[in-house]
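All remarks here apply to the structure that follows.
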Protein chains: 2
Amino acid sequence: MVFSTDIDLLKHLAAKGAIASKISTTTSDISKSLAISQQSASRRIRALASEELISSYSSPRGIELSITEKGRGVLQSYLAELKGIMASKLPPKLTGKVTSGVGEGKYYVLQPNYNSYFKKILKSSAYAGTLNLLTEEQALRQFLMAATPNIFDGFETSERTFGALKTYSVVINGEQKAALVMPERTTHKKGVIEIISPVNLRKKFSLNDNAVVEIELIESSGGI
Amino acid sequence: MVFSTDIDLLKHLAAKGAIASKISTTTSDISKSLAISQQSASRRIRALASEELISSYSSPRGIELSITEKGRGVLQSYLAELKGIMASKLPPKLTGKVTSGVGEGKYYVLQPNYNSYFKKILKSSAYAGTLNLLTEEQALRQFLMAATPNIFDGFETSERTFGALKTYSVVINGEQKAALVMPERTTHKKGVIEIISPVNLRKKFSLNDNAVVEIELIESSGGI
DNA sequence: ATTACTAACTTACGAGTAT
DNA sequence: TATACTCGTAAGTTAGTAA
């Protein structure tokens, strides 16, 4: 029997990367994240393992574990079910047309200060380029209103000023996690947005100019 | 504080339509669906109400309730979070149509040098035949880009040349581990791939030409 | 029928601690 | 440091039943 607490723990482990590969963690780490005791974390991990939702190896140096096929299936069907239920009231989606940018975004990505911020947001380093999209101005405004931005404050050096940014966690075409970047002051014309991502989105989705991509809002799970 | 049991109950109520409108139900109905007692259902409903995740009115004739804005927000961000986790972590899937091959793959499987390589990849000896699949060229390209190939270098004897191969660990139809084989130089037309497996896939899944199979990328766990 | 109170029960939790 | 055992206790659940 799979309980909702199991789903919760599985979800936490998935967020830590246990779907893609084996992860190393400790029961006290888990206990802090889920606000339970170390002992309970240990017990619940063993419960997941006995249900074969994860495979784990414990030692006095910590726990190595990964989510099994069965465990992923459980998460996936939970997600699918929830998706189906919420289908009528899903988070807003936005579509954009690929456009050739002026390269403003690339400039940001390459700046060390912005770069480390992006790294935190994406939980992985950013591809050295951005995808420029032309959206409907009003749809964009509405879309962003529904979102919670991450804010980068901006700063000044003696030489120049680095403007503030807002970024929004999104999923591109339903499968690639990315971030929508809105510079506080931009030279873009209205409706043009920039997407940063760990991968080259143009390549991944074989996008030429005017190709349409779908941008979906997500919670930045944990966030920064 | 919102617990995972709350999410579960909210999800159940949402499934019954409590997002869109007010619904009429009873605590014993709920108790049956969630496999808890009538008393617990009653208590948990009151808990949701006191968190203002639902608004409810109870009487000796049953309960009328609807999910509040706050409750919907809770469900939505849970969904969004899960989606975000799965979107970035889920291995890509590819579908292909069964097609009659020219038997090129079978030739490879029967060659001792290739054969022992396949044995390592599959962790079991390969069935003496391949499954030919027609895929969408672009989807295939995308699929393979996300994967880490195992590489067989190829070699020459005085008599002939054995070309290099790339193989990718996959799962067919969600249950049969197999390998997708991409010869470096192939006579196949674009989009056609070959699958080798420890078993006869056509037989196992009763596949006729044009049947659709699902190919899922997996980590080659350990690998070679 | 219902909901929901009280009391008995059972399960899950976490502090302490062995390994 | 870890994991994970024991065990007293707290929390959650259910049976019985009043309203």
Side-chain angles (χ1 to χ4, degrees), chain A residues 1-18 21-68 71 74-75 78, chain B residues 1-18 21-68 71 74-75 78:
Chain A
M1 187 60 194
V2 179
F3 299 96
S4 58
T5 50
D6 293 335
I7 300 281
D8 233 44
L9 178 50
L10 263 184
K11 168 166 149 286
H12 171 74
L13 296 174
K16 288 197 121 191
S21 60
K22 195 188 285 184
I23 62 166
S24 297
T25 182
T26 68
T27 51
S28 72
D29 261 19
I30 294 168
S31 75
K32 278 162 205 152
S33 305
L34 300 187
I36 56 177
S37 68
Q38 174 270 319
Q39 292 88 340
S40 289
S42 169
R43 189 160 9 87
R44 304 237 280 235
I45 286 286
R46 277 172 282 148
L48 285 191
S50 80
E51 293 269 5
E52 294 182 318
L53 301 178
I54 62 170
S55 63
S56 70
Y57 171 72
S58 313
S59 80
R61 293 195 331 280
I63 291 183
E64 297 209 316
L65 61 88
S66 62
I67 294 174
T68 62
V74 166
L75 270 181
Y78 194 90
Chain B
M1 187 60 193
V2 178
F3 298 96
S4 59
T5 51
D6 294 335
I7 299 282
D8 234 43
L9 178 50
L10 263 184
K11 168 167 150 282
H12 171 74
L13 298 174
K16 289 198 120 191
S21 61
K22 196 187 284 186
I23 61 165
S24 297
T25 182
T26 68
T27 51
S28 75
D29 262 18
I30 294 168
S31 75
K32 277 163 206 155
S33 306
L34 300 188
I36 57 178
S37 67
Q38 175 270 319
Q39 292 87 342
S40 288
S42 168
R43 185 164 24 79
R44 304 238 281 236
I45 286 287
R46 276 172 282 149
L48 285 192
S50 80
E51 293 269 4
E52 294 183 318
L53 301 179
I54 62 171
S55 64
S56 71
Y57 171 72
S58 314
S59 81
R61 294 196 330 283
I63 292 183
E64 296 209 317
L65 62 87
S66 64
I67 294 174
T68 62
V74 166
L75 269 182
Y78 194 90

* Is A:Lys22 close enough and on-axis enough to A:Tyr57, meaning under 6.0 Å and within 45°, for cation-pi? -> no
* To do: Determine whether the side chains of A:Ser50 and A:Arg46 contain a donor N or O and an acceptor N or O closer than 3.5 Å.
  => no
* Asked: Between B:Ser31 and B:Gln38, is any side-chain donor less than 3.5 angstrom from a side-chain acceptor?
  ->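 Not at all, the side chains of B:Ser31 and B:Gln38 share no donor-acceptor pair under 3.5 Å.
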* side-chain contact (heavy atoms from CB on, under 4.5 Å) partner of A:Ser66, chosen from A:Ser21, A:Ser55, A:Ser56 -> A:Ser55
Rounded interatomic separation in angstrom, taking [atom1] from [X] and [atom2] from [N]:
X       : N      : atom1 : atom2 : answer
B:Asp8  : D:dG12 : CG    : P     : 16 Å
A:Leu65 : D:dT3  : CG    : P     : 11 Å
B:Leu9  : D:dG12 : CG    : P     : 15 Å
B:Leu34 : D:dT13 : CG    : P     : 11 Å
A:Ile36 : D:dA4  : CD1   : C1'   : 14 Å
A:Ile30 : D:dA4  : CD1   : P     : 11 Å
B:Asp29 : C:dA4  : CG    : P     : 15 Å

* To do: Please list, by residue number, the residues of residues 37-52 of chain A whose heavy atoms come closer than 4.0 Å to an atom of DNA chain C; answer none if no residue qualifies.
  => A:Ser37, A:Gln39, A:Ser40, A:Arg43, A:Arg44
* **Rounded to 10 degrees, the angle between the two terminal axes of the helix from C:dT2-D:dA19 to C:dT19-D:dA2, each from five pairs** =>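 End-to-end axis angle for the helix from C:dT2-D:dA19 to C:dT19-D:dA2: 40°, rounded to 10°.
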Could you grab the distance from atom [atom1] of [X] to atom [atom2] of [Y], nearest 0.5 Å is fine?
X       : Y       : atom1 : atom2 : value
A:Ile63 : A:Ser42 : CD1   : OG    : 6.0 Å
A:Leu34 : B:Ser4  : CG    : OG    : 9.5 Å
A:Leu65 : A:Ile30 : CG    : CD1   : 6.5 Å
A:Leu75 : A:Asp6  : CG    : CG    : 10.5 Å
B:Lys11 : B:Leu13 : NZ    : CG    : 11.0 Å

* Do the non-hydrogen side-chain atoms of B:Leu10 and B:Ile54 ever get within less than 4.5 Å of each other? ->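 A side-chain contact under 4.5 Å exists here.
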* To do: May I ask you to list the residues of residues 53-61 of chain A, by number, that have any heavy atom positioned under 4.0 Å from an atom of DNA chain D?
  => A:Ser58, A:Ser59, A:Pro60
* Step-by-step side-chain contact (heavy atoms from CB on, under 4.5 Å) determination, B:Asp29 to B:Lys16 -> CA-CA 11 Å; B:Asp29 262 18; B:Lys16 289 198 120 191; 4.0 Å; yes
